Amino acid sequence: MAAPVLSTSLVVVSSLIAACLSVFYLTSGSSTCHLVPLSALAVCGLVFCGYLRWRGAGPAEHRVCVVVVGDIGRSPRMQYHALSLSRHGYQVDLVGFLGTKPHNEVLNEEKITITAMADVKGVQVGPRVVSYVTKVIAQSVQILVTLMETRRPSHILLQNPPGLPSMAVCWLLCLLRGSRLVVDWHNYGFTILALAHPHTHPLVRLAQWYERAVGPLAAHHLCVSEAMKEDLRENWGIRATTLYDRPPAIFKETPLELRHQLFLRLAQTLPPFRTRGEEAGGAGERTAFTLRDPVDQSVTWRPHRPALLISSTSWTEDEDFSVLLKALEEYERCVREGRGLPALVCVITGKGPQKEYYRKLIDGLHLEHVQICTPWLEAEDYPTLLGSADLGVCLHRSSSGLDLPMKVVDMFGCCLPVCAIHYNCLSELVKHEENGLVFRDSQELASQLQALLSGFPRAGGRLEDFRRSLQTNRGKRWDDNWTQTVLPLITMTTPSP
């Protein structure tokens with residue numbers, strides 16, 4: 001494979017040089033402008049030769065390239081795609097940024113090859129639009145070079161957003177290599193841009209035009225909700241297949257022994273997981289929630305343990321955590337009034353741009369019975385903690401109103417009751433008073449927390465009812481859903497070698 005890889009790299013470099021020379025000749029008053037046609041001809045010749053080499057760069061059967069123009073470790077759905085493909089015998093090239101460690105299962109799978117890309121930046125001086133445009137240009141070249149150095153796949157499976165410029169670049173490569181482009185629509189990129197800019201901003205309008213123009217060029221489309229499927233059909237002319245997020249097998253209720261071990265590890269760096277005052281010096285291993293008997297080594301719950309509430313986030317503009325913080329302040333007031341509520345440990349996991357802003361707000365709160373911590377958890381610890389929690393909270397508001405929060409899917413996989421903030425299509429996942437509760441503001445969330453945690457941790461009550469309902473109605477897991485929905489699409493449309 002060394003020769004095709006070298007030739008494709010030379011094609012890119014030579015084409016870029018020829019294109020730059022053409023621009024130079026056209027913009028200069030030089031008498032050498034007659035070289036422009038020669039430069040253009042050279043570009044066409046190189047691309048044609050590259051096309052022949054790319055088409056012959058190995059067989060396409062049972063090889064799929066999964067592309068994430070983002071952090072692979074923070075893109076669980078695309079990791080699940082890669083794992084499902086590998087389990088069905090496909091060789092997988094997983095391309096993206098390596099900022100956060102992917103799942104161990106992905107790292108240890110022999111059929112998955114991870115190809116890392118750097119997170120390129122645009123020009124950091126001048127107007128923001130200059131930085132954005134130069135980043136798009138640099139990223140186009142980067143994606144082109146990186147993907148041409150992989151072996152020819154039958155399909156390229158691309159996450160969108162971000163789709164600018166990856167969607168156009170991947171479509172071009174599929175055209176040259178005889179592959180098929182499958183776009184997995186998680187949301188719309190232009191609606192995410194609109195969180196930071198007005199809808200009339202040129203960048204937002206350009207991004208919307210781009211997605212509408214390039215999106216339909218893909219051979220196949222997946223999406224995350226029926227509402228998005230309908231919107232793509234009516235407004236974009238795209239026929240998509242809904243692939244609901246489903247929890248993989250790692251998301252399940254955690255046995256008490258494993259909970260205790262996790263709490264002990266977290267207590268080393270997170271004070272809310274430690275015992276307080278005189279209790280800390282008792283016999284045996286102790287955490288804020290559990291204790292191990294020094295005689296028979298059994299693990300039991302502490303009789304007056306706090307409730308464990310968890311929320312996960314990417315700390316972006318589409319999640320307003322002031323709603324949760326205000327609800328926790330109201331909960332604190334109710335505990336002080338003696339309303340029979342337990343102390344509360346609130347864990348907010350995740351990384352993102354607004355994390356420091358909210359940490360400052362948290363530091364400014366005066367809470368005695370509510371403790372808040374904001375750790376980043378390893379991929380293997382996150383499902384264990386979800387399976388150990390008592391209640392989940394989701395503050396995700398879809399920028400398009402058409403996607404569904406994967407964090408709730410994971411919580412349901414762990415049979416964890418959820419309170420989720422309302423938006424248009426949330427009812428496809430969270431059904432109010434059936435498998436969780438839906439709230440619209442901090443006051444309503446505070447009321448729900450009080451109703452669910454009243455009398456905790458004694459048996460009975462609404463919290464336990466919701467958990468039993470989730471245990472009874474588990475639904476499909478990711479692998480079963482993927483095999484039924486996506487595998488036929490891949491196997492029936494594999495191009496000939």
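Every value quoted in this text rests on a predicted model; they were computed, and no experiment measured them. Each residue takes its place number in the sequence, starting with 1.
- The 12-atom threshold is exceeded at CH2 of Trp376, counting heavy atoms of other residues, nucleotides or ligands nearer than 6.0 Å.
- Remark: side-chain polar atoms of His432 are paired, donor with acceptor, to backbone N or O of Val438 under 3.5 angstrom.
- With hydrogens and angles ignored, the 3.5 Å screen pairs a side-chain donor or acceptor of Arg212 with a backbone N or O of Asn235.
- No donor-acceptor distance shorter than 3.5 angstrom exists from the side chain of Thr191 to the backbone of Asn187, with no hydrogens or angles considered.
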Verdict with supporting geometry, His81 and Asp184, side-chain hydrogen bond (donor to acceptor under 3.5 Å, both in side chains) = CA-CA 10 Å; His81 275 304; Asp184 190 4; 2.9 Å; yes
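- Here the side chain of Ser75 pairs no donor or acceptor atom with the backbone of Met78 at under 3.5 angstrom.
- Judged purely by atom type and a 3.5 angstrom limit, Thr146 has no side-chain atom pairing as donor or acceptor with the backbone of Ile143.
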Could you check Tyr210 against Met167 for side chain to side chain contact (heavy atoms under 4.5 Å, CB included), going step by step and ending with a plain yes or no?
-> CA-CA 9 Å; Tyr210 169 87; Met167 204 183 300; 3.5 Å; yes
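- Residues Ile372 and Leu325 have side chains in contact (heavy-atom distance under 4.5 Å, counting atoms from C-beta outward).
- In this structure the side chain of Leu449 reaches within 4.5 angstrom of the side chain of Leu309, judged on heavy atoms.
- Put simply, the residue from Leu157, Ile112, Leu85 that forms a side chain to side chain contact (heavy atoms under 4.5 Å, CB included) with Leu94 is Ile112.
- Between the Lys360 side chain and the Glu356 main chain, no donor and acceptor come within less than 3.5 Å of each other.
- Checked options Asn473, Leu470, Leu386; the residue passing with Cys415 is Leu470 (criterion: side chain to side chain contact (heavy atoms under 4.5 Å, CB included)).
- Ring-plane geometry between Phe263 and Phe273 is classed as tilted, the angle between the planes lying from 30 to 60 degrees on a 0 to 90 degree scale.
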Assess whether side chain to side chain contact (heavy atoms under 4.5 Å, CB included) is satisfied between Gln91 and His62, documenting all intermediate values.
-> CA-CA 6 Å; Gln91 297 292 326; His62 283 85; 5.9 Å; no
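- Within the 4.5 Å cutoff, side-chain heavy atoms of Met117 are placed close to those of Val95.
- Remark: Glu109 does not engage Arg87 in a salt bridge, criterion side-chain N to carboxylate O under 4.0 Å.
- Ring-plane geometry between His201 and His197 is classed as tilted, the angle between the planes lying from 30 to 60 degrees on a 0 to 90 degree scale.
- For the residue pair Ser469/Asn435, the side-chain donor-acceptor check at 3.5 Å is not satisfied.
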For Gln79 and Glu105, what are the C-alpha separation, side-chain angles and deciding distance, and is it a side-chain hydrogen bond (donor to acceptor under 3.5 Å, both in side chains)?
-> CA-CA 9 Å; Gln79 293 184 71; Glu105 199 173 356; over 6 Å; no
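- Few gaps surround NZ on Lys355; more than 12 heavy atoms of other groups in view lie less than 6.0 Å from it.
- To the nearest 0.5 Å, atom SG of residue Cys419 and atom CG of residue Leu437 are 5.0 Å apart.
- Side chain to side chain, Tyr188 and Ser399 fail the donor-acceptor criterion of an N or O pair below 3.5 Å.
- Under 3.5 Å, the side chains of His396 and Asp403 contain a donor-acceptor pair of N or O atoms.
- Annotation: Lys326, atom NZ; neighbour count of heavy atoms from other residues, nucleotides and ligands within 6.0 Å does not exceed 12.
- Contact detail for Leu158 and Ser166: the closest heavy-atom pair is CD1-OG, 3.7 Å.
- Annotation: Phe321 is in aromatic contact with Trp315 [ring centroid separation under 6.0 Å].
- Note on Glu378 versus Arg265: no salt bridge recorded, every NZ/NE/NH1/NH2 to OD/OE distance being 4.0 Å or above.
- Nearest heavy atom pair, residue Cys394 against residue Lys407, reads SG-CD, 3.8 Å.
- Judged purely by atom type and a 3.5 angstrom limit, Thr254 uses its side chain to pair as donor or acceptor with the backbone of Thr384.
- Thr483 and His88 are linked by a side-chain donor-acceptor pair at a separation below 3.5 angstrom, with hydrogens and angles left out of the test.
- A donor-acceptor distance shorter than 3.5 angstrom exists from the side chain of Arg152 to the backbone of Arg177, with no hydrogens or angles considered.
- Salt bridge status for Asp93 with Arg151: absent, with no side-chain N to carboxylate O gap under 4.0 Å.
- Other residues, nucleotides and ligands contribute at most 12 non-hydrogen atoms within 6.0 Å of the NE2 atom of His199.
- Here the CZ-NZ distance, from Arg474 to Lys252, works out to 10.5 Å after rounding to the nearest 0.5 Å.
- No donor-acceptor distance shorter than 3.5 angstrom exists from the side chain of Arg397 to the backbone of Glu319, with no hydrogens or angles considered.
- One finds the CD1 atom of Ile192 at 7.0 Å from the CG atom of Asp318 (value rounded to the nearest 0.5 Å).
- The two residues Ser84 and Asp479 come nearest to each other via the heavy atoms OG-OD1, 3.2 Å.
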Given the rule in the side chain to side chain contact (heavy atoms under 4.5 Å, CB included) test, do Leu385 and Tyr382 qualify, once you have shown the distances and angles that lead to the verdict?
-> CA-CA 5 Å; Leu385 184 60; Tyr382 176 62; 5.6 Å; no
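- Of all heavy-atom pairs spanning Lys229 and Ala240, the tightest one is CE-O, 3.4 Å.
- Remark: the backbone N or O of Asn104 is paired with a side-chain donor or acceptor of Asn108 at under 3.5 angstrom.
- Around atom CD of Glu110, no more than 12 heavy atoms belonging to other residues, nucleotides or ligands sit under 6.0 Å away.
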When you look at Ile156 and Val182, which way does the side chain to side chain contact (heavy atoms under 4.5 Å, CB included) test go after all the steps?
-> CA-CA 6 Å; Ile156 293 179; Val182 182; over 6 Å; no
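- In this structure, CD1 on Ile72 lies 9.5 Å from CG on Leu107, to the nearest 0.5 angstrom.
- Scanning all heavy atoms of the two residues, the minimum distance from Thr242 to Thr485 falls at O-CG2, 3.8 Å.
- Contact check for Tyr358 versus Thr374: no side-chain heavy atoms found under the 4.5 Å cut-off.
- In this structure, Gln139 and Phe97 approach most closely via the heavy-atom pair NE2-CZ, 4.0 Å.
- Within the 4.5 Å cutoff, the side chain of Ser225 has heavy atoms near those of the Met228 side chain.
- Between Pro102 and Leu98, the closest side-chain pair of non-hydrogen atoms falls below 4.5 Å.
- The shortest side-chain heavy-atom distance between Leu266 and Leu377 falls under the 4.5 Å cut-off.
- The structure places CG of Leu232 at 8.0 Å from CG of Leu402, a figure rounded to the nearest 0.5 Å.
- Using modelled atom types and a 3.5 Å distance limit, the side chains of Glu428 and Tyr244 yield a donor-acceptor pair.
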Dump the intermediate steps for ring-ring contact (aromatic ring centres under 6.0 Å, His included) on Trp236 and His221, then the final yes or no.
-> CA-CA 12 Å; Trp236 299 59; His221 302 267; 9.6 Å; no
